[in-house]
Peer 1: 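This is the structure I have questions about; it appears just below.
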Amino acid sequence: NAGVMQNPRHLVRRRGQEARLRCSPMKGHSHVYWYRQLPEEGLKFMVYLQKENIIDESGMPKERFSAEFPKEGPSILRIQQVVRGDSAAYFCASSPARANYGYTFGSGTRLTVV
Amino acid sequence: TQLLEQSPQFLSIQEGENLTVYCNSSSVFSSLQWYRQEPGEGPVLLVTVVTGGEVKKLKRLTFQFGDARKDSSLHITAAQPGDTGLYLCAGAPNTGNQFYFGTGTSLTVIP
């Protein structure tokens, strides 16, 4: 019974390239949350998705960032034209319904922009 | 923004000592969680408290939710090196879809 799977674990991109981060939720989970962690800022909410729907993207930067959770396949967090400030750890969490009592997180993707 | 402040930010203690970590806010939360995160890994949920005044115990860890549901504490008895990690509290507001995370307490237990 695999947990939340994120890949890649580490991703290096040059400024201006695109970054694609993948998240496969736990089996039976249809709700996915993306968070970003910066060293001095803690975990910040980005987006909440259900299958094929974005429920809440209030934490997503208005430009360059997008997320999807298709009917088939993993959830994808896409960052276009990356800048150095995008360097961070990105975590995905899943739940079987709206998470009221806590998340199961993946191990994260550490993005480094050079 | 519903801020959760954790204290202390850093804590280094000897094996066998006791410690308490605090999580405070001016906001009321419907539930509050504690997580532990190790380097290079995602946070792992330790406990969720829901009722004001609630106390939960997990082996040597004791979690308490404040009566007004604005704050929480984590007490560790006889700390062990395996307790080393970043401890995060997170609050779920009454409305909305996100949890608000504190900035964490980095605990080091020295053998």
Side-chain angles (χ1 to χ4, degrees), chain A residues 2-11 21 23-26 29 31-50 53-60 67 69 88-95 97-112, chain B residues 1-10 21 23-25 27-51 54 56 58 61 63 65 69 72 74 85-106:
Chain A
V4 178
M5 304 299 291
Q6 289 188 248
N7 67 81
R9 289 293 301 271
H10 300 275
L11 182 61
L21 288 61
C23 170
S24 296
M26 287 183 69
H29 288 193
H31 297 240
V32 165
Y33 302 78
W34 285 92
Y35 280 75
R36 177 165 62 178
Q37 188 174 37
L38 291 164
E40 301 300 322
E41 297 184 12
L43 278 155
K44 301 293 185 189
F45 169 79
M46 299 183 75
V47 62
Y48 164 36
L49 310 103
Q50 282 181 267
N53 291 305
I54 297 174
I55 306 301
D56 183 348
E57 56 182 351
S58 58
M60 288 274 274
F69 189 15
Y90 291 82
F91 291 98
C92 166
S94 74
S95 62
R98 180 177 176 273
N100 293 321
Y101 301 113
Y103 297 132
T104 300
F105 279 98
S107 296
T109 293
R110 276 137 194 90
L111 172 65
T112 302
Chain B
T1 302
Q2 305 193 33
L3 292 174
L4 279 164
E5 295 186 1
Q6 288 188 239
S7 62
Q9 189 175 357
F10 298 97
V21 176
C23 174
N24 295 300
S25 177
S27 301
V28 176
F29 294 102
S30 63
S31 70
L32 194 139
Q33 301 87 44
W34 284 93
Y35 295 80
R36 182 170 70 207
Q37 184 178 21
E38 297 187 10
E41 296 297 330
V44 175
L45 180 65
L46 297 174
V47 78
T48 299
V49 285
V50 178
T51 306
E54 181 178 3
K56 280 192 174 179
L58 186 66
L61 278 60
F63 305 85
F65 201 11
R69 291 187 287 131
S72 180
L74 158 59
L86 179 68
Y87 287 82
L88 297 161
C89 65
N94 291 323
T95 59
N97 297 299
Q98 62 174 291
F99 291 168
Y100 293 89
F101 280 81
T103 50
T105 294
S106 179

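Each chain gets a letter, A, B and so on, in the order the sequences are listed, and its residues count up from 1. Everything quoted here is computed from the prediction, not taken from an experiment.
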Peer 1: Heavy-atom distances under 4.5 Å only: say whether A:S58 touches chain B with side chain, backbone, both or neither.
Peer 2: side chain
Peer 1: Have a look at B:F101 and tell me which of A:Y35, A:F45, A:Y33, A:F91 forms a ring pair (Phe, Tyr, Trp, His ring centres under 6.0 Å) with it.
Peer 2: A:Y35
Peer 1: To the closest 0.5 Å, what do you measure between NZ (A:K44) and OH (B:Y100)?
Peer 2: 10.0 Å
Peer 1: Name the member of B:G104, B:P43, B:G102 that forms the most heavy-atom pairs with chain A at distances under 4.5 Å.
Peer 2: B:P43
Peer 1: In terms of heavy-atom proximity below 4.5 Å to chain B, should A:Q6 be classed as side chain, backbone, both, or neither?
Peer 2: neither
Peer 1: Applying side chain to side chain contact (heavy atoms under 4.5 Å, CB included), can you list everything that pairs with A:Q50, at least two apart in sequence or on another chain?
Peer 2: A:H31, A:Y48, A:I55
Peer 1: Non-hydrogen atoms of chain A under 4.5 Å away: do they reach the side chain of B:V49, the backbone, both or neither?
Peer 2: neither
Peer 1: So does A:G102 get a backbone contact from the side chain of B:Y35, meaning a donor-acceptor N/O pair under 3.5 Å?
Peer 2: no
Peer 1: Just to verify, what does A:S107 make a side-chain hydrogen bond (donor to acceptor under 3.5 Å, both in side chains) with, not counting sequence neighbours?
Peer 2: B:E41
Peer 1: Heavy-atom cut-off 4.5 Å, strictly under: side chain, backbone, both or neither for B:Q6 against chain A?
Peer 2: neither
Peer 1: Go through the atoms of B:L32 and report whether side chain, backbone, both or neither lie under 4.5 Å from a heavy atom of chain A.
Peer 2: neither
